[in-house]
2 protein chains.
Amino acid sequence: MIGQSLFKALADPTRREILRILRAGSMPAGDIAEHFPMTKASLSHHFSLLKQAELVRTERRGQQIVYSLNTTVMQDAAGVLMELLDPPSTEVNHDAKNR
Amino acid sequence: MIGQSLFKALADPTRREILRILRAGSMPAGDIAEHFPMTKASLSHHFSLLKQAELVRTERRGQQIVYSLNTTVMQDAAGVLMELLDPPSTEVNHDAKNR
DNA sequence: ATTGTATTTAGATATTTCTCTAAATATCAT
DNA sequence: ATGATATTTAGAGAAATATCTAAATACAAT
């Protein structure tokens, strides 16, 4: 089930942070890894789940593997939800009218 | 962090199905439980996580505890995302849009 | 107060998930 | 081909999760 892998992918804070980082643009695995205090092997595992959920795509460039957001409807929806709840450090949403 | 409990709540298929069921309207715990092949104790655990994420509210009515969706911005976003990805298997209803 | 119904809590177990280290693979540069 | 760099895969251990049974709590009706 595709939905399941997406929700599972979104359930981990590290993976959500990866997605947030990728909003700034594509980035090789190693550069992404520098944002986190865990090993590259662990990050690779997270990349794998994000890919399985089709939230990111990869492209090889020389010896690096560049990750980028997969911009689709579901990706956007996930992004909206994420911003709503896990406020990004930089940008703020001002569309929270009802409630 | 509030976001974390929400994503965790959404990560489980049983809990997403509970939310889907509740779209049709409020329902006591026991009635919800009938939709699932697990014990009421297990369901209660799921209710607890949904409540923690503030995705549902409860109201006591006699000896029953009635669950209902907590309709907020994030709830709606979650609902949209959910329908996009995890099309409802057990059809519920069509008219629980506003309120 | 006792009994019955609805739900939750506690404790236990099996499975899954996250993280690590070590090894494997792929590419680049000599 | 050899060695260096970037990333992934494999295997293992610790922590979290889902589920169960049994017991506890809350209310209702006698």
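These numbers come from the heavy atoms of this one structure, side chains and all, not from hydrogens, waters or symmetry mates. Just so it is clear: chains get the letters A, B, ... in the order the sequence lines come, proteins before strands, and each one is counted from 1.
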Query raised in the report: With B:Arg60, which residues qualify under side-chain hydrogen bond (donor to acceptor under 3.5 Å, both in side chains), at least two apart?
Result: none
Report summary line: Applying side-chain hydrogen bond (donor to acceptor under 3.5 Å, both in side chains) to B:Thr39 and not counting sequence neighbours gives B:Ser42
Query raised in the report: Does some side-chain heavy atom of B:Leu69 sit less than 4.5 Å from a side-chain heavy atom of B:Leu22?
Result: yes
Query - Any B:Ser68 side-chain heavy atom under 4.5 Å of B:Glu59 side chain - result: no
Euclidean distance, atom [atom1] of residue [X] to atom [atom2] of [N] [Å, nearest integer]:
X	N	atom1	atom2	result
B:Gln4	C:dT17	CD	C1'	13 Å
B:Leu50	C:dT7	CG	C1'	16 Å
B:Glu59	D:dA26	CD	C1'	16 Å
B:Gln64	D:dT25	CD	C1'	16 Å
B:Lys51	C:dT7	NZ	C1'	11 Å
A:Lys8	C:dT16	NZ	P	8 Å

Report task. Verify the cluster assignment for A:Ile21 and A:Leu49: are they in a single hydrophobic cluster under the rule of side-chain heavy atoms below 4.5 Å apart? Result -> no
Requested in this report: Answer yes if A:Val66 and A:Leu55 sit in the same cluster of Ile, Leu, Val, Met, Phe, Trp and Tyr residues linked by side chain heavy atoms under 4.5 Å apart, and no otherwise.
Outcome: no
Query raised in the report: For the helix from C:dA1-D:dT30 to C:dT30-D:dA1, how many degrees between its two end axes (five pairs per end), to the nearest 10°?
Result: 20°
Query raised in the report: By side chain to side chain contact (heavy atoms under 4.5 Å, CB included), which residues pair with B:Thr58, not counting sequence neighbours?
Result: B:Lys51, B:Ile65, B:Tyr67
**Report entry** All side chain to side chain contact (heavy atoms under 4.5 Å, CB included) counterparts of B:His46, not counting sequence neighbours
**Finding:** B:Asp12, B:Thr14, B:Arg15, B:Ile18, B:Met38
Requested in this report: Give a yes or no on whether the backbone of A:Arg57 and the side-chain of A:Asn70 come within a donor-acceptor separation of less than 3.5 Å.
Outcome: no
Query - Nucleotide-resolved protein contact map, nucleotides 25-30 of chain C, B/S/- at heavy-atom distance under 4.0 Å - result: -SBS--
Query raised in the report: When you check the phosphate oxygens OP1 and OP2 of D:dA6, does a side-chain N or O of A:Tyr67 lie under 4.0 Å from one of them?
Result: no
**Report entry** Any residue of residues 38-49 of chain B with a heavy atom less than 4.0 Å from an atom of DNA chain D
**Finding:** B:Met38, B:Thr39, B:Ala41, B:Ser42, B:His45, B:His46, B:Leu49
Side chains of residues 24-33 of chain A: which donor-acceptor partners sit under 3.5 Å, not counting sequence neighbours?
none

Query raised in the report: If every non-hydrogen atom of A:Gln52 is compared with every non-hydrogen atom of A:Ser5, which pair is closest and at what distance?
Result: O-OG, 3.9 Å
